[in-house]
Amino acid sequence: MSEDDNNMEEYPTEIHDYLTAFEKSLGSVDEMLKTMMSVSRSDLLQKLDPLEQAKLDLVSVYTLNSMFWVYLATQGINPKEHPVKQELERIRTYMNKVKEIADKKKASKLDKGAASRFVKNALWEPNAENEHISKTPDKGKKRQ
C-alpha cells in the first residue's frame with residue numbers, strides 16, 4: 001500500500017475533497033504569511049498612507065483571529081462560545097468604519113461655485129429674455 005492509500009483509510013472518503021481544498025488553502029496562507037514576514041513592518045508602513053495602514057492592521061489582526069478560530073475548531077472547542085467571536089465582531093466593526101471613511105474620500109465633492117453658475121444660467125430671467133428678443137430682428141418681417 002502507498003502512503004496515500006494509507007491516509008485514505010484514516011478518514012471517511014466523503015471528506016477527501018474538503019481536506020484537499022483545506023490543505024491547498026493552508027498552503028496559500030503559508031505563502032502569504034511568508035511574503036508578509038519577508039518585509040519589515042516599519043518599511044511597509046512607511047510606504048502607506050494612514051488609511052492604508054489601518055486597513056493593513058485590521059486585515060492582519062482579523063486573519064490572525066480567524067486562524068485562531070480554525071485552530072479552536074480543530075481542537076474540538078466551539079469557537080462561537082469563545083471570546084474570539086467577540087473579538088472578530090469588534091474587528092469587523094472597525095473594518096466597516098474604515099470602509100466608510102474610504103467611501104467618503106471617494107465620494108465626489110460639490111463645487112458650490114460651479115453649481116450656482118449652472119443654476120443661475122438654467123433659470124429663466126424675464127428681463128434678459130426680453131432684451132435678447134428686442135435686439136435681434138424678426139426674420140418674418142420685411143424691412144422698410
*Can you name the residues that form a salt bridge (Lys or Arg N to Asp or Glu O under 4.0 Å) with R92, not counting sequence neighbours?*
none
*When rounded to the nearest 0.5 angstrom, what distance separates CD in E89 from CD in E87?*
10.5 Å
*Are T63 and L33 close enough that some pair of their side-chain heavy atoms sits under 4.5 Å apart?*
no
*asked:* Can you give me the closest heavy-atom contact between K80 and K85, atom names plus distance?
replied: O-CD, 3.4 Å
*Scan residues 26-48 for pairs that pass ring-ring contact (aromatic ring centres under 6.0 Å, His included), counting only residues two or more places apart or in two chains.*
none
*With K97, which residues qualify under salt bridge (Lys or Arg N to Asp or Glu O under 4.0 Å), at least two apart?*
none
*Any side-chain heavy-atom pair from V70 and M67 closer than 4.5 angstrom?*
no
*How would you list all residue pairs meeting side chain to side chain donor-acceptor pair (under 3.5 Å) that involve residues 44-61, not counting sequence neighbours?*
R41-D57
*Partners passing side-chain contact (heavy atoms from CB on, under 4.5 Å) against N96 (at least two apart in sequence or in another chain)*: none
*Same cluster or not: are V39 and L48 linked, directly or through other Ile, Leu, Val, Met, Phe, Trp or Tyr residues, by side-chain heavy atoms under 4.5 angstrom apart?*
yes
Output side-chain donor-acceptor pairs under 3.5 Å for residues 18-29, partner residues at least two apart or in another chain, one line each.
{"residue": "T20", "atom": "OG1", "partner": "H16", "partner atom": "O", "Å": "2.9"}
{"residue": "S25", "atom": "OG", "partner": "A21", "partner atom": "O", "Å": "3.0"}
{"residue": "S28", "atom": "OG", "partner": "K24", "partner atom": "O", "Å": "3.2"}

*Got a sec, which hydrophobics cluster with L88, joining ILVMFWY side chains under 4.5 Å apart, including via others?*
L51, L58, V59, V61, Y62, F68, W69, Y71, L72, I77, V84, I91, Y94, M95, V98, I101
*Spatial distance of atom NZ (K106) from atom CG (D103) [nearest 0.5 Å]*: 6.0 Å
*asked:* Just to verify, what does D43 make a salt bridge (Lys or Arg N to Asp or Glu O under 4.0 Å) with, not counting sequence neighbours?
replied: none
